[in-house]
Amino acid sequence: MTECTTIEHPFCMYDADQHIIHDSVEGSGILMCSIDNLPAQLPIEATEYFGDMLYPYVEEMLLSDASQPLESQNFSPVVRDAVITSNGTLTDKYKYIQKLRESRERVQSISMSTKKKVLVLGSGYVSEPVLEYLSRDRNIEITVGSDMMNQIKQLSKKYNIKPVSMNICTQEEKLGSLVATQDLVISLLPYVLHPIVAKACVASKVNMITASYITPALKELEKSVEDAGITVIGELGLDPGLDHMLAMETIDKAKEVGATIESYISYCGGIPAPEHSDNPLRYKFSWSPVGVLMNIMQPATYLLNGKVVNVTGGVSFLDAVTSMDYFPGLNLEGYPNRDSTRYAEIYGIPSAHTLLRGTLRYKGYSKALNGFVKLGLINREEYPALRPEANPLTWKQLLCDLVGISRSSTCDMLKEAVLKKLGGDKSQLEAAEWLGLLGDDQVPQADSIVDALSKHLALKLSYGPEEKDMIVMRDSFGIRHPSGHLENKTIDLVVYGDFNGFSAMAKTVGLPTAMAAKMLLNGEIEAKGLMGPFSKEIYGPILERIKAEGIIYTTQSTIKL
């Protein structure tokens, strides 16, 4: 525009081709209205209406004495509720304003203060998205502690970090000294080490973040955490993590409208992208396989139509595996994970008659692992023949021992004995052959058979440089509304890894963890104690911010009358 229009003459016609403005609204062009003082104008109807509403209260306001206490004034409820301050202080209804001011001032002071110090423990593949996200803020000074110096050196080439070589199992004093100088500790170590880190944080009154489960060992420190007046937040990754957040968002919204949750089923899995699932397990490992292998040996409990279902681990684990009817192109199967029944209390949904949290894999995974169980390969007991001081052992020799035949047996004799041990299941035999478990490769030195198998699979089934993973999550809810109708709601989250970038698992575990850390540093999270991401104060901002990082979830609902 070359000039503004006015209230008296609000419109003009703009000819874009000639760049000419016509006062007349006739002819071709774009009809423009550019009144610069328009925000100061009120329609006369609005002015008259406001005046009519205000007029009945004018007399009592004029006759009031502002120097007297509010309680002594003869105000009507409408006027009394409109008084924000009285005698220099906020009235009871408006005292929240002071809290808002303090919160804003605290955030401002944090942003203007000196650098915040963050200690990241662990240098595995999840650590890099955490470092990348935190490094965007130049007011954060990052120290990385790990006993894997090669990994730290690689990270220090990409990010401005202070590397520290340490083993927290043997250097607890060093850990304590380092934690004491920090504003926040992020533990990306194996979950069994989190209590050691938490104790150091309690001693120095430093906040702590972790992506892993809040284990019983960590739960034992709850009172110490509260007494120290610090915040320790766990279960901030994918599963556990985003699954909790998506569940709580739906549950809280349902409660707001007076609805109840009748069923909750959640399945989640990190799997190779379909084009990279070309092995008998249809699976690849991006970290130590021990935890994945041992998972099928653990019992599981869930609630189905009001009845508690107990699943024993081991050989009978295969009986609990079911085919998934969603994303049919992926040909998925799922099985229950841990104790799902406890989430009735954690999520605040005692009305639910069905509660199940499970793991997703490609079809065929469970059957292949079931074969390993039958052969005795998933065994955590000490196995002296695999110790460093023992003579080297081949997989063929180990399998001969496990099926009870002589080590000098021929390959055909071994195959026959293995097939018999597998109950005649040829696909399980083929899986063992494909992985070289009947061959002459040396068994890695280890404390147990499953540890040796883990090392072997980590080499055989690791991701190549051009291969990517994906994560798939499906949450299903049955929501009963006050009107009586049943809403079936699903939430889907599908994320692919990036070529020459972060894996899907690293992104979905690392980024929510880093976001929670940043929120804690900025004062957005004020709660104290040991907690998961179950409050809106925590999950709300994270679910909003992950969208900007390309982690997008979709929802769909159907109504059943």
Side-chain angles (χ1 to χ4, degrees), residues 213-214 219 233-269 300-311 320 322 324-327 332 334-360 471-494 508 512 527 531-544 546-547 551-561:
Y213 276 107
I214 298 174
K219 190 75 173 173
I233 311 176
E235 308 193 7
L236 283 166
L238 168 66
D239 178 4
L242 289 179
D243 55 348
H244 292 327
M245 301 181 211
L246 291 171
M248 289 308 304
E249 182 182 51
T250 295
I251 292 167
D252 285 345
K253 285 182 178 179
K255 289 181 177 179
E256 286 174 7
V257 298
T260 57
I261 304 297
E262 291 193 349
S263 64
Y264 167 66
I265 299 174
S266 176
Y267 279 99
C268 180
T301 305
Y302 61 94
L303 190 66
L304 182 64
N305 297 323
K307 295 182 178 180
V308 175
V309 180
N310 293 304
V311 177
T322 56
M324 299 292 109
D325 58 359
Y326 47 84
F327 303 124
L332 298 171
Y335 54 89
N337 186 19
R338 300 181 183 241
D339 182 5
S340 300
T341 60
R342 65 193 188 97
Y343 288 93
E345 180 180 353
I346 292 173
Y347 288 170
I349 49 174
S351 56
H353 59 66
T354 296
L355 281 172
L356 195 159
R357 285 165 51 88
T359 301
L360 288 176
I471 68 100
V472 181
M473 183 190 295
R474 161 66 70 94
D475 284 356
S476 304
F477 300 85
I479 306 171
R480 183 70 65 180
H481 287 265
S483 60
H485 70 264
L486 180 67
E487 176 188 358
N488 292 310
K489 181 177 182 178
T490 60
I491 303 175
D492 292 326
L493 175 64
V494 179
T508 53
M531 68 197 72
F534 305 115
S535 68
K536 192 173 183 179
E537 178 190 29
I538 299 174
Y539 73 69
I542 293 177
L543 289 180
E544 193 60 36
I546 60 171
K547 297 174 185 176
I551 301 175
I552 310 296
Y553 59 91
T554 58
T555 63
Q556 186 174 351
S557 290
T558 58
I559 303 298
K560 185 178 180 181
L561 300 177

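Values below: every heavy atom of this structure, side chains too, minus hydrogens, waters and symmetry copies.
- The closest donor-acceptor contact from the side chain of Ser557 to the backbone of Glu487 lies at 3.5 Å or more, if one exists at all.
- Within the 4.5 Å cutoff, the side chain of Phe534 has no heavy atoms near those of the Tyr539 side chain.
- Asn488 CG to His485 NE2: the interatomic distance, rounded to the nearest 0.5 Å, is 10.5 Å.
- Listed here is the closest heavy atom pair of Pro336 and Ala320: CD-O, 3.6 Å.
- Summarising the geometry, atom SG belonging to Cys268 is positioned 8.5 Å from atom CG belonging to Leu242; distances are rounded to the nearest 0.5 Å.
- Side-chain contact check for Ser351 versus Glu262: every heavy-atom pair is 4.5 Å or farther apart.
- Judged purely by atom type and a 3.5 angstrom limit, Glu235 uses its side chain to pair as donor or acceptor with the backbone of Ile214.
- Of all non-hydrogen atoms in Ala352 and Leu303, the two that sit nearest each other are O-CD2, 3.5 Å.
- A pairwise comparison of heavy atoms in Leu355 and Thr341 identifies CD1-O, 4.0 Å as the closest pair.
- Across all non-hydrogen atoms, the minimal contact from Pro533 to Gly234 is CD-O, 3.5 Å.
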Residues Ser483, His481; criterion side-chain hydrogen bond (donor to acceptor under 3.5 Å, both in side chains); working and verdict = CA-CA 5 Å; Ser483 60; His481 287 265; 5.8 Å; no
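- Residues Thr490 and Tyr326 form no side-chain contact, since every pair of their non-hydrogen atoms from C-beta on lies 4.5 Å or further apart.
- Side chains of Val472 and Tyr267 form no contact here, defined as non-hydrogen atoms less than 4.5 Å apart.
- A salt bridge links Glu544 with Lys547: the distance from a Lys NZ or Arg NE/NH1/NH2 to an Asp or Glu carboxylate oxygen falls below 4.0 Å.
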Take Tyr302 and Ile265 through the side-chain contact (heavy atoms from CB on, under 4.5 Å) test and state the conclusion after the steps.
-> CA-CA 10 Å; Tyr302 61 94; Ile265 299 174; over 6 Å; no
Yes or no on side-chain contact (heavy atoms from CB on, under 4.5 Å) for Glu249 and Ile491, after CA distance, side-chain angles and deciding distance?
-> CA-CA 11 Å; Glu249 182 182 51; Ile491 303 175; 5.7 Å; no
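- Looking at Ile471 and Leu238, their side chains come closer than 4.5 Å, going by heavy atoms from C-beta outward.
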Given the rule in the side-chain contact (heavy atoms from CB on, under 4.5 Å) test, do Asp492 and Phe327 qualify, once you have shown the distances and angles that lead to the verdict?
-> CA-CA 10 Å; Asp492 292 326; Phe327 303 124; 3.8 Å; yes
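- The shortest heavy-atom contact between Leu360 and Leu332 is CD1-CD1, 4.3 Å.
- Using a cutoff of 4.0 Å between basic side-chain nitrogens and carboxylate oxygens, Asp252 and Lys536 are not scored as salt-bridged.
- Just one of Thr260, Thr250, Leu486 meets the side-chain contact (heavy atoms from CB on, under 4.5 Å) condition when paired with Ile479; it is Thr250.
- Between atom NZ of residue Lys489 and atom OG of residue Ser263 there is a gap of 13.0 Å, rounded to the nearest 0.5 Å.
- Residue pairs meeting the salt bridge (Lys or Arg N to Asp or Glu O under 4.0 Å) criterion with at least one member in residues 552-561: none, sequence neighbours excluded.
- Here the side chains of Ile551 and Thr508 are in contact, with some heavy-atom distance below 4.5 Å.
- Ile546 is not listed as a side-chain neighbour of Met245, based on a closest heavy-atom distance of 4.5 Å or more.
- Side-chain atoms of Ser340 come within 3.5 Å of backbone atoms of Arg357 as a donor-acceptor pair (strictly under, hydrogens ignored).
- Remark: Leu493 CG to Leu246 CG distance equals 6.5 Å, nearest 0.5 Å.
- Aromatic ring pairs are classed by plane angle as parallel below 30°, tilted from 30° to 60° and perpendicular above 60°; the pair Tyr264 and Phe477 is tilted.
- Pairing each heavy atom of Asp475 with each of Asp243, the nearest pair is OD2-O, 3.9 Å.
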